[in-house]
Amino acid sequence: MALMTLEEKIGQMTLFTTDWESTGPSIRAGYENDVRNGNCGALFNSHTVAFTRRLQDIAVKESRLHIPLIFGYDVIHGYKTIFPIPLAESCSWDLAAMENTASIAAKEASAAGLHWTFAPMVDISRDPRWGRVMEGAGEDTYLGSLIAAARVKGFQGDNFDHADKLMACIKHFAGYGAPIAGRDYNTVDMTERTFRDFYLPTYISGVKAGAMTIMTSFNELDGVPSSGNKWLLDDVLRKENGFHGFIVTDYTSINEMVNHGYSKDDAQAGEQAAIAGVDMDMQGAVYQRFLKNSIETGKVPMQKVDDAVRRILTAKFELGLFKDPYRFCNEQREKENIFTPANQQAALEMAHKSIVLLKNENNVLPLTNKKTIALIGPLASDGAQLIGAWSGAGEGDKCVSVLTAFQNRAKKDGFTLLHANGTDISGMDKKGFSEALAAASQSDVIIAVVGESREMSGEAAVRADLGLPGMQQQLVEELVATGKPVVVLLMNGRPLIIPWIAEHANAVVETWYAGTQGGPAIADILFGDYNPSAKLTMTFPRSMGQVPLFYNEKNTGRPYDPTTKYNTRYLDVPNTPQYPFGFGLSYTTFKYDSLQIAPLPPGGGVEFSMKDTVTASIKITNTGKRSGEEIVQLYVRDLVGSVTRPVKELKGFKKIKLEPGGSQTVTFKLTADQLRFYTADMTYKAEPGDFWIMVGPDSERLQKKQIRLVE
Ligand code: BGC
């Protein structure tokens, strides 16, 4: 650092994008010169070995100090092998599986020259209008925190010895998932207590898991945009939680502080960002244009720049780039490690685990002994949709569609497959209805594949009406009117609001966007080769007016009672969700015996001290005819607090596998530590008093026992 000029230091704090044209990757001339002159230390969207090698050559051979570049990219749910969207994966509740898909994504992306992923996205969101819920792990803080840590470990591994990992980037810090009215980029406003109890922990869990970088969010929090929020970045993140890595902004978010009305111009925005502790400016060129002057005029202390550069260069050392700037540029690995059969198998297995069975009246699924199957709907044949939003370098045409998977089955199993789109995803055209209905009328069972197009979720993809777009709802209604059994396969990036379908379809399967191997995974589930085991990590409301609807709400002074008027309720819809958090069916059934709490003192209720461990155990039996997996869930309610507490909060879960007739006792251990929250005086601690311990298959069907925590 002693050798560096101020300009070169600011260069390390500058991140620019490269482009991707029909002819291949390219870099704008200005940015190329910035790299050459030491004015840009990192690039994003640059991938493939050939391209990153060419760019690294410029940095290492032509710049004065030969400092290597970092290459970043949004590797969110896969590089070329695309796994189910993160929200879908979260429904597996399978931390090892999610760690594994992140590590495969890292292996593929690092083989294509990349060092850094802008993932995992860990924003808690309770609002399905917000299109970016597809990218997260759902509405729950406890589960989301575990998933954040698993994904960080998957991407980053333990070290960079083999150049087959990526630096992780926790995003978007902070509170980005709670914009007013679900509108992307909108204002976020919540109490510090709500922020600390429900929104902050997932980011901190990613930090504690070792994430080397973190990204600021676009939104403001309590009136201060994140990229200028010293309290958030310096106090909460660095001082309180010991984050040592570097902080990058989101795309031009320093510049946007002018629009927010927090900075009078870009120069001031840059000063506010530098003082707040932002190390790297993504795409805004604010530091590049103004920071030198701000230092020279004493508006920003030099220490801020030195700290930032030290953090960024440390990351480059840890990546091993100073030893060998080309260690991620390995043509052979690029040829051999990407889109391999083993990775396709992993994508298939993850898709199996992510698909949620929501309804299965009279066991219409799995499909057995069917002679003629009608596969209807615009999403059946359009395999490219399966990669979902934020699918990196994934190629839609490499996905195996539901139609192809069914055609392969038809050949193998000898049934007749009839197929018609019926309508488009969002057009108003009903011309295809007659063909679809003709196919339906000749079939034994109708499979309707409906939902959103992949562009309808993700960034800047907010919807105000969460029903099926276009004429798809009408199509399903006409299919149901044929009187044949109808299975609705949903493909979408967020909870949809589908009360009519939930009532009238015989079966409903939430497949999300299931990735490169989505079609075969869906077919395996429908034909019974895989018994569904996933459970929802986001509540499905029954009406738009209920949004935001989430399981861990407060009781209020007038708790819900549908039989009387003056309580917290709607006149026209119940408060209950269509499908609650934690819900999902299997082809088998599970019986829960009664919940046992130990130690059990004479006289019933359990008292335990701040140092004790309470054990909650429950015997589960597979009472059906198939082997299956069950996700057993533990919730807690703190009955009286110095501030009010939610009616239930997830505190544990176990996924078990049982053969028909088999049983297992699942045991949860609970200590006072798990009962902590931000109390009236904002200390984080557990308060003595009574608690309900609740266990069950989802957030609604719960058994409970009361225990008492004593000093
Ligand atoms: C998104 C980030 C992403 C960045 C770089 C932004 O628009 O909000 O999540 O990492 O672009 O592509």
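Not measured: the values here are computed from a predicted model. These values consider heavy atoms only, across backbone and side chains, with no hydrogens, waters or symmetry-generated copies. Each ligand, and each atom within it, is numbered from 1 in the order the structure gives.
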I'd like to know if R28 and D19 make a salt bridge, using a cut-off of under 4.0 Å between side-chain N and carboxylate O. yes
I want to check something: taking the side chain as every heavy atom from C-beta on, are Y31 and C40 in contact at a cut-off of under 4.5 Å? no
Among Y251, Y185, W390, find the residue that satisfies the side chain to side chain donor-acceptor pair (under 3.5 Å) test when tested with E459. Y185
side-chain contact (heavy atoms from CB on, under 4.5 Å) involving V207 - partner list, sequence neighbours excluded: I214, L237, F243
For the residue pair H115 and F160, is the inter-centroid distance of their aromatic rings smaller than 6.0 Å? no
Between ligand 1 and the protein, give all atom pairs where both partners are nitrogen or oxygen and the distance is under 3.5 Å, as lines of names plus distance to 0.1 Å.
unit_1: ligand 1; atom_1: 7 (O); unit_2: E459; atom_2: OE1; d: 2.7
unit_1: ligand 1; atom_1: 7 (O); unit_2: E459; atom_2: OE2; d: 3.1
unit_1: ligand 1; atom_1: 8 (O); unit_2: R132; atom_2: NH1; d: 2.7
unit_1: ligand 1; atom_1: 8 (O); unit_2: D250; atom_2: OD1; d: 3.4
unit_1: ligand 1; atom_1: 8 (O); unit_2: D250; atom_2: OD2; d: 2.6
unit_1: ligand 1; atom_1: 9 (O); unit_2: R132; atom_2: NH2; d: 2.8
unit_1: ligand 1; atom_1: 9 (O); unit_2: K171; atom_2: NZ; d: 2.8
unit_1: ligand 1; atom_1: 9 (O); unit_2: H172; atom_2: NE2; d: 2.7
unit_1: ligand 1; atom_1: 10 (O); unit_2: D74; atom_2: OD1; d: 2.6
unit_1: ligand 1; atom_1: 10 (O); unit_2: K171; atom_2: NZ; d: 3.1
unit_1: ligand 1; atom_1: 12 (O); unit_2: D74; atom_2: OD2; d: 2.5

Before accepting this row, confirm whether a basic side-chain N of the pair K353/E89 lies closer than 4.0 Å to the acidic partner's carboxylate O. no
